[in-house]
Amino acid sequence: MTENIKKFLTEFAASITDGTFVKLTLGNYKGSDLHLQKINVRLIKTNKGIRLFFLYRHDSRDIAKNYTIPNGQLLIKQLLGTEFFSGHLFTTNNDFQLDIGRKNSRLNVGKPAFKKAPPLEHDRKKEKLIDPHSVYLNALGITNTNGEVGSQQQSKWKQINKYVQILADLVDRSDLKDRTSLNIVDMGSGKGYLTFAAYDYFKNIRGIDVQMTGVEARSDLAAIANDVARASEFDGLEFVQATIESFNLKDVNILIALHACDTATDDALFQGIRANADLIVAAPCCHKQIRKQMKPPPMMNDILKHGVMIERVAETLTDGLRALLLERAGYATRLFEFISVEHTPKNNMLVGTKLAEAKDTENIETQITDLKEFFGIGTQHLEDLLQKPAR
């Protein structure tokens, strides 16, 4: 165990000396601070010289501290194996993953996630979660070769960053927050803007071992996305040509379905529920099935005679039923605005987080039945899928 820790610290010191150091993360915390989660370490330039910048990540706040390089190295040596039992060192030559157990330890060496060391500026508060110089952003037409976002792509750029921010927060609030590996499936990935961004963030910013699959019915889009993934050297990202309904989903931590049209959202939710996904994230689109069936009660006839009103009620009712069905299946749910309507009219996000213990479903079942009867709804696609025998 001691030997692997020594090797890890030696590689860390060498990377500082030869300029290949990118960042270091200490995780698997078992100390006395009930709120501390991990420590992120990087180099910064201050008025007093180069320092090691420690960001102590807590569940509700961050604490930043600077150390001289010798003192920072000494602190990391003291923390490994006493309070933190995993370390992830990123260099431009190799990545090193250290895991410390009770009786032994393991040091894995992998290909570098970063090709160059980051700048040493101290104030990076305004830095986006996604690097605008990324190959895929240029290949997909979001940025030019200088990393500048085009005037007509500003809304898409804001949407990408907001999406990554929300997804990061959802993971941090779930049981996935300390995972060192994630299996993510994006149903109906389209051109892959958000698929690439999610992979890039979790793999290259957070240093998680990610296996991600984009599922897209249009073969041309899947082929283009795979070419961009190869050009970006995103080895853990692939796109497959398949419909949401037909895709053979097995193990998955995060199931994503953004803007899947009408009942395709239900197909994706069903896939996630059946696969026991830890986190299900959907942005529903085109609520047609419920709208066609709705028979407003007499008391609401004069209100819902207006097309715009019944459309809004149909959307609210459809996503409300989906949330209840997720809860009935053992998920805690949230329904909120994804991004302002000025950027996209399809702006609701439905999130299901798997619970350790399912809720009492009797009350949920009653609510579903009452809502359907009140609005004259005969069938709802997700409910029908969940009633089918498991294959």
Side-chain angles (χ1 to χ4, degrees), residues 1-110 112-127 129 131 168 172 177-178 180 203-209:
M1 180 169 64
T2 304
E3 186 64 25
N4 280 330
I5 295 176
K6 287 182 178 179
K7 289 180 181 178
F8 183 85
L9 293 171
T10 298
E11 293 293 345
F12 172 48
S15 70
I16 296 289
T17 301
D18 61 24
T20 61
F21 175 75
V22 177
K23 63 178 181 177
L24 182 147
T25 301
L26 299 181
N28 194 12
Y29 177 69
K30 297 180 180 180
S32 59
D33 188 334
L34 298 178
H35 302 286
L36 182 59
Q37 297 176 348
K38 62 181 179 180
I39 298 177
N40 294 330
V41 182
R42 62 182 174 91
L43 285 172
I44 62 169
K45 182 184 293 185
T46 72
N47 293 332
K48 296 181 179 180
I50 305 298
R51 294 289 185 266
L52 280 170
F53 176 77
F54 281 55
L55 187 65
Y56 294 75
R57 297 295 304 271
H58 293 75
D59 52 12
S60 60
R61 74 190 193 285
D62 292 340
I63 297 176
K65 294 183 179 181
N66 292 341
Y67 298 94
T68 64
I69 291 177
N71 286 345
Q73 290 174 320
L74 178 61
L75 178 58
I76 291 171
K77 180 180 180 180
Q78 293 171 344
L79 292 173
L80 275 174
T82 57
E83 297 186 31
F84 290 89
F85 291 82
S86 73
H88 201 162
L89 169 64
F90 297 84
T91 78
T92 57
N93 290 332
N94 294 103
D95 290 352
F96 302 86
Q97 176 67 52
L98 173 67
D99 294 294
I100 305 170
R102 292 183 178 180
K103 297 182 179 180
N104 51 44
S105 64
R106 183 173 65 252
L107 181 63
N108 293 324
V109 182
F114 300 91
K115 292 186 177 180
K116 62 179 181 179
L120 301 183
E121 289 80 5
H122 177 74
D123 187 2
R124 301 176 69 188
K125 293 181 180 179
K126 296 183 179 179
E127 184 182 35
L129 293 175
D131 183 359
D172 285 340
K177 65 179 181 179
D178 294 323
T180 58
K203 174 66 177 179
N204 296 326
I205 303 300
R206 296 183 64 149
I208 297 172
D209 180 16

(message) As a quick check of understanding, evaluate side-chain contact (heavy atoms from CB on, under 4.5 Å) for Ile205 and Leu129, giving each step before the final call.
(response) CA-CA 8 Å; Ile205 303 300; Leu129 293 175; 5.6 Å; no
Do the non-hydrogen side-chain atoms of [X] and [Y] ever get within less than 4.5 Å of each other?
{"X": "Val41", "Y": "Thr25", "value": "no"}
{"X": "Tyr56", "Y": "Asp33", "value": "no"}
{"X": "Lys7", "Y": "Asn4", "value": "yes"}
{"X": "Leu36", "Y": "His58", "value": "yes"}
{"X": "Ser32", "Y": "Glu83", "value": "no"}
{"X": "Leu52", "Y": "Ile16", "value": "yes"}

Taking all atoms of both residues into account, what is the closest heavy-atom pair of [X] and [Y], and its distance?
{"X": "Ala117", "Y": "Thr92", "result": "N-CG2, 3.6 Å"}
{"X": "Asp172", "Y": "Arg206", "result": "OD1-NH2, 2.6 Å"}
{"X": "Asp95", "Y": "Pro112", "result": "OD1-CA, 3.6 Å"}

(message) Under the criterion side-chain contact (heavy atoms from CB on, under 4.5 Å), I'd like the reasoning laid out for Ile69 against Arg51: C-alpha separation, chi angles, the key distance, then a yes or no.
(response) CA-CA 6 Å; Ile69 291 177; Arg51 294 289 185 266; over 6 Å; no
What is the distance from atom [atom1] of [X] to atom [atom2] of [Y], rounded to the nearest 0.5 Å?
{"X": "Thr91", "Y": "Asp18", "atom1": "OG1", "atom2": "CG", "answer": "7.5 Å"}
{"X": "Phe53", "Y": "Asn66", "atom1": "CZ", "atom2": "CG", "answer": "6.5 Å"}
{"X": "Ile5", "Y": "Phe85", "atom1": "CD1", "atom2": "CZ", "answer": "8.5 Å"}
{"X": "Leu26", "Y": "Ser86", "atom1": "CG", "atom2": "OG", "answer": "7.5 Å"}
{"X": "Lys38", "Y": "His88", "atom1": "NZ", "atom2": "NE2", "answer": "11.0 Å"}
{"X": "Phe12", "Y": "Ile76", "atom1": "CZ", "atom2": "CD1", "answer": "3.5 Å"}

(request) Please say whether the positively charged group of Lys23, taken as NZ for Lys or CZ for Arg, lies over the ring of Phe90, i.e. under 6.0 angstrom from the six-membered ring centre and within 45 degrees of the axis. (result)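 Yes.
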(message) Among Val109, Leu24, Asn94, Leu107, which residue satisfies the side chain to side chain contact (heavy atoms under 4.5 Å, CB included) criterion with Leu89?
(response)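 With Leu89 as partner, side chain to side chain contact (heavy atoms under 4.5 Å, CB included) holds for just one option, Leu24.
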(message) Is it the case that atom NZ in Lys77 sees more than 12 heavy atoms from other parts of the structure closer than 6.0 Å?
(response)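 Open.
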(request) Indicate the ring-plane relationship of Tyr29 and Phe84, choosing parallel, tilted or perpendicular according to the 30° and 60° boundaries. (result)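 Rings of Tyr29 and Phe84: tilted, as their planes differ by 30° to 60°.
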